[in-house]
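Below, chains carry the letters A, B, ... as their sequence lines are ordered, and counting in each starts from 1. All figures in this text were calculated on a predicted structure; none of them were measured in a lab.
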Amino acid sequence: MKEPFHPKIVSFLCKWCTYSGADLAGTSRMQYPPSILPIRVMCSSRVNPVFVIKSYLSGSDGVLIGGCHPGDCHYQSGNYHTRRRIAILKKVFDSIGLETERVRLSWISASEGSKFARISEEFTGKIESMGENPTKKKVFL
Amino acid sequence: MKTTTAKSLRVSKKEGVRKPILAFLKSLLTDAVFDAILIPMQVPAGDSYAWVLVKDPSLLDQANPLAPIMPVQGAKALKSLTRKGEGNLKIAAVMRPCEVRASVELAKLNQIHLESITLMSVDCPGVLPVADYFENPGESEKRFNAMLSENRWGNGSMKSVCQICEQFSILPSSDFHFGLMTGSESSVVLISSSPKGQRVLKDRSLDGSVSLSDWENGIESIRQERKKERTKRFREVQSMVEGFDGLLKTFARCIGCHNCQSACPICYCRHCYFGSEASKLDSDFILKKAEQRGGLSFPLDRRMFHVGRMSHMSLSCVACGLCSDACPVSIPVADVFSFVADQTQRTFDYKAGEKREEPLPIRQYRLEEIKGVEEWVKDAEGVES
Ligand code: SF4
Ligand code: SF4
Ligand code: FES
């Protein structure tokens, strides 16, 4: 029998907001799928697009980038830059026909534990419906 | 404010356009309008070209503002020249339009200093792929010159990116321009479009009664043809790279030498992630990867390198084609990169190097972003802004 598909979603979460939001979801005992593999970053703008590409080409089924809401970045404008970078990355993916839907940028604040749980749920569902990352079994990278 | 003045140089059919341009440049050196001129010159062996910073006017006889190949991108030469900031010398750089654009991009990144430089562009018929040229330099020179004198522009033997280039003529970002596409074929138009450019035309005794319309019409008709061809070629490239398998196939021969990156005038990071300590993996980890996949090919991370480079520099790619020229295994790197660049630059309504006053999109943002981007991110985000 084929094993059921449990997606892995490498998640770059800003320490000041989304990461704390994830913490809050945890301490409030909210349920969210184990697919999320959090990596704490000091700001969403710390996420070099290469991190996302590397995650994708290393077989991560989805990549989540979580930052503070526009206007709330601890470093004033980090997340606005993140927005542009991710837009560029998605356009690169789009032009060469890679699946842009596997990359997701979300604004989740430290108080939004439930939003974190909801987005994790939703994104996991989306990735489940898309299936495994097609690069996962490739020998030639 | 941009002030444009136009004059013209007489060209005899027999001599061609090079001689009068060089004579004009020579007069600029002898009259101390410039202290030095940066220009391509044939190497002594006669089989390639190098950038030379010319001080002695007589050396200009060997220069060639329309070299048939571009072994080194002009912006790279200008970068080495002004790396430590602006100098005191007034220098003119005679370049192809894509070299001017790359220089302007690097200036925005503070890697080139343009304060004392006057950028002079020439109408560009394209350049030959270096590999083709090297097969028989003598023959190639003849072939190229024939194309030039017969006005056969956009010829199929030029590099593929040149065949679909729409920015082969005057640019808002250059100070001075040599227009060659004159219907009459008997003159070169000289156009100054900045205060620095004005300095060049001041006190020159030249024919001032030029009408630019012949030249402009010539340029425009080529541009229209290119536009069509460009759409078609981009569609072909897109279907070639489509999907992960397309990407694998397109770069299947890649040996991971990173020559494409070293030749690229744009790749601006002082320390590149690819090749850095951070990019190296320990053997246990590699073994684990191989186990998951059944095997793993070396050199590692070749696709990551290419997609990473696209995500880093495509907003500034000027489609010069140097990366394709540099690839030892003949991958059409520039066809892919210029296509991706067209897409990413469109997102921000940006054309690399075209306007000096337009800031680099990655260095700026708006609170409410331009539609396309905003919606995208919203889409991806699903829920709210
Ligand atoms: S990626 Fe290639 S075509 Fe684009 S600027 Fe660099 S060398 Fe030129
Ligand atoms: S120059 Fe060619 S072989 Fe070398 S890294 Fe670039 S694409 Fe690969
Ligand atoms: S500090 Fe959270 S996105 Fe910048």
Interatomic spacing from [atom1] in [X] to [atom2] in [Y] - rounded to 0.5 Å:
X	Y	atom1	atom2	value
B:H306	A:I53	NE2	CD1	12.0 Å
A:K137	B:Q292	NZ	CD	7.0 Å
B:F234	A:S95	CZ	OG	10.5 Å
B:L360	A:R84	CG	CZ	10.5 Å

Of B:V340, B:I362, B:V336, B:D342, the largest count of non-hydrogen pairs under 4.5 angstrom with chain A goes to B:V340

Shortest non-hydrogen contact from [X] toward [Y]:
X	Y	value
A:R83	B:R366	NH2-O, 2.9 Å
A:L89	B:S311	CD1-CB, 3.9 Å
A:L141	B:R293	CD1-NH1, 3.5 Å
B:M304	A:V50	SD-CG1, 4.2 Å

Check step by step if side chain to side chain contact (heavy atoms under 4.5 Å, CB included) holds for A:T135 and B:R303. CA-CA 11 Å; A:T135 74; B:R303 303 311 178 285; over 6 Å; no

Side chain, backbone, both or neither: which part of A:F93 has a non-hydrogen atom closer than 4.5 Å to chain B?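 A:F93 touches chain B through side-chain heavy atoms alone.
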
Is it the side chain or the backbone of A:K136 that comes within 4.5 Å of chain B heavy atoms, both, or neither? backbone

Looking at [X], I'd like to know if its [atom1] atom is crowded, meaning that more than 12 non-hydrogen atoms belonging to other residues, nucleotides or ligands lie closer than 6.0 Å.
X	atom1	answer
A:K126	NZ	no
B:R223	CZ	yes
B:K108	NZ	yes

For B:P361, is it the side chain, the backbone, both, or neither that has a heavy atom closer than 4.5 Å to a heavy atom of chain A?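 Both backbone and side chain of B:P361 come within 4.5 Å of chain A.
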
Which members of residues 241-258 of chain B, sorted by number, sit under 4.5 angstrom from chain A on a heavy-atom basis?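 Within residues 241-258 of chain B, the residues that come under 4.5 Å of chain A (heavy atoms only) are B:V241, B:E242, B:G243, B:F244, B:D245, B:L247, B:L248.
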
Which of residues 312-323 of chain B get closer than 4.5 angstrom to chain A, counting heavy atoms alone?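 When heavy atoms of chain A are the reference, residues 312-323 of chain B contributes B:H312, B:S314, B:L315 within the under-4.5 Å range.
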
